[in-house]
Amino acid sequence: MSPSSGDSANPAPTGVGNGPAVSRREFDALFEAVRTWGRWSPADRGAWNRVTADHVRRAAARVRTGTVVPLALPWNTRPGPGNRKPALHHMTDLGDVEAPEPSTHKDFIAADYHGKGISHLDALSHIAYRGQLYDGRTAHEVVDAAGARFGAVSTLGSLVTRGVLLDLPAVLGIPWLEPGRAVHAEDIVVAEKALDVTIGEGDAVLLRSGHVRRREELGAWDPDTASAGFHVDALPLLAERGIALLGGDGDSDVRPSPVDGVHSPVHALAVAAMGVPLLDNLDLEALSGATATAGRYDFLLVVAPLNVPGGTGSPVNPVAVL
């Protein structure tokens with residue numbers, strides 16, 4: 001199953017379809033309903049504690065063809081509507097510094113990666129709600145100018161588990177979801193049935209909206225203004241399934257936010273309430289094609305963030321193996 005071609009759309013879309021609206025009272029009740037504080041040790045690995053050696057063995061057993069699909073966007077050094085803080089890349093040695101042989105070439109890279117232009121992982125120290133990180137830790141007591149002393153990416157380490165691709169455009173027979181389109185719990189259930197896959201405990205769930213393809217065909221827009229992603233009503237289902245990781249080719253949140261006064265409600269629910277790290281800004285186009293060719297939408301997923309003590313996340317190039 002693969003997305004079909006469709007009519008072009010306005011590259012500066014509106015957020016129609018992001019509802020229904022959710023009150024702050026309703027959102028706070030939802031936060032309490034999906035909260036898993038006090039469940040695991042070490043607490044700052046959160047839902048990654050769900051993934052045991054048995055999960056890894058079962059995920060590895062899903063490999064059939066050995067097809068390897070990298071999931072990261074190219075390192076993005078060009079400013080634009082979706083890349084307000086471009087990454088840096090420049091040469092520091094052009095073979096003219098060392099003694100004659102061998103000559104070497106060196107470069108420098110850096111990124112303010114918690115934006116829309118870099119594929120990255122959000123660790124549990126990245127998001128606080130009502131001043132609290134996951135597990136009820138007071139944010140200002142454990143995160144300062146030196147970094148995070150709780151929920152750092154270095155504590156998470158690497159993740160090897162079963163990945164599940166929710167390829168919504170493939171299910172709907174369209175090239176992409178329009179920015180501003182919310183994905184609800186019922187959409188997940190429909191996708192599972194259509195793709196013959198079921199999300200289970202310890203899984204990593206990746207949502208393909210098709211935004212990478214849309215950007216290539218129609219041009220960039222500001223994803224802070226409008227992007228397809230999960231509505232908050234999808235999180236109880238994902239919590240019930242016991243997922244370990246959530247991600248996609250956006251940042252998982254539908255935008256505009258349907259929750260008044262909460263600009264990234266899915267981030268708050270997943271990271272701060274459920275202890276589920278997030279993968280943002282992936283390129284899932286090749287994976288969409290590979291899963292359609294294979295006729296199955298689950299795979300071995302390997303996520304290896306940089307080992308940054310005190311880091312709130314990391315640029316990352318996850319790899320799916322079919």
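Side chains included, hydrogens not; waters and symmetry mates left out as well; all remaining heavy atoms used. Sequential numbering from 1 along the given sequence is applied to the chain's residues.
At a threshold of 4.5 Å between non-hydrogen side-chain atoms, the residues Tyr129 and His267 do not count as touching. The closest side-chain heavy-atom distance from Leu168 to Ser209 is not below 4.5 Å. Counting heavy atoms from C-beta on, the side chains of Pro318 and Leu282 come closer than 4.5 Å.
Annotation: side chain to side chain contact (heavy atoms under 4.5 Å, CB included) contacts of Leu269 (sequence neighbours excluded): Phe27, Leu30, Phe31, Val34, Val232, Leu235.
Considering His211, Glu216, Glu217 as possible partners of Arg213, the one that fulfils the side-chain hydrogen bond (donor to acceptor under 3.5 Å, both in side chains) test is Glu217.
With hydrogens and angles disregarded, no donor-acceptor distance shorter than 3.5 Å links the side chain of Asp44 to the backbone of Phe150. Side chain of Arg296 to main chain of Arg62: a donor-acceptor pair is present (N/O by atom type, distance under 3.5 Å, no hydrogens or angles). Distance alone, capped at 3.5 Å, places no donor-acceptor pair between the Asn83 side chain and the Gly80 backbone. Panel note: side chain Ser314, backbone Val316; no donor-acceptor pair is recorded below 3.5 Å.
More than 12 heavy atoms of other residues, nucleotides or ligands shown are found within 6.0 angstrom of NE2 on His89. Other residues, nucleotides and ligands contribute only 12 or fewer heavy atoms inside 6.0 Å of the CG atom of Asp260. In this structure, Arg78 places its CZ atom where only 12 or fewer heavy-atom neighbours from other residues, nucleotides or ligands lie under 6.0 Å away.
Between Thr36 and Tyr134, the side chains place a donor N or O and an acceptor N or O closer than 3.5 Å (distance only, hydrogens not considered). For Asp107 and His105, the side-chain atoms include no donor-acceptor pair closer than 3.5 Å.
In this pair, His231 and His184 present their aromatic rings tilted. The plane angle is within the 30 to 60° band.
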Donor-acceptor contacts under 3.5 Å from residues 238-246 side chains, at least two apart:
unit_1 : atom_1 : unit_2 : atom_2 : d
Arg241 : NH1    : Glu192 : OE1    : 3.4
Arg241 : NH1    : Glu192 : OE2    : 2.4
Arg241 : NH1    : Ile199 : O      : 3.3
Arg241 : NH2    : Glu192 : OE1    : 3.1

Item to complete: Show your working on side-chain hydrogen bond (donor to acceptor under 3.5 Å, both in side chains) between Ser264 and Arg255 and close with a plain yes or no.
Response: CA-CA 8 Å; Ser264 301; Arg255 299 184 189 282; 3.0 Å; yes

Item to complete: Verify salt bridge (charged side-chain N to carboxylate O under 4.0 Å, His left out) between Arg215 and Asp249, making sure each step is shown before the conclusion.
Response: CA-CA 11 Å; Arg215 186 164 56 243; Asp249 53 8; over 6 Å; no

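Counting only residues at least two apart or in different chains, ring pair (Phe, Tyr, Trp, His ring centres under 6.0 Å) contacts with residues 44-67 are absent.
Salt bridge annotation for Arg149-Glu141: absent, with no cationic side-chain nitrogen under 4.0 angstrom from a carboxylate oxygen. Classification of Lys116 and Asp222 as a salt-bridged pair fails, no side-chain N sitting under 4.0 Å from a carboxylate O. Under the 4.0 Å criterion applied to side-chain N and carboxylate O atoms, Arg130 and Glu32 are assigned as salt-bridge partners.
Rounded to the nearest 0.5 angstrom, Leu279 CG and Leu301 CG are separated by 7.0 Å. A distance of 10.5 Å separates CG of Leu322 from OH of Tyr297, quoted to the nearest 0.5 Å. Atoms CZ and CG, on Arg208 and Asp167 in that order, are 4.5 Å from each other to the nearest 0.5 Å. Within the model, atoms CG of Leu71 and CG of Asn317 stand 7.0 Å from one another, a figure rounded to the nearest 0.5 Å. To the nearest 0.5 Å, atom OG1 of residue Thr291 and atom CG of residue Leu195 are 8.0 Å apart.
A cation-pi arrangement is present between Arg214 and Trp221, with the terminal nitrogen or guanidinium carbon under 6.0 Å from the aromatic centre and inside a 45° cone about the axis.
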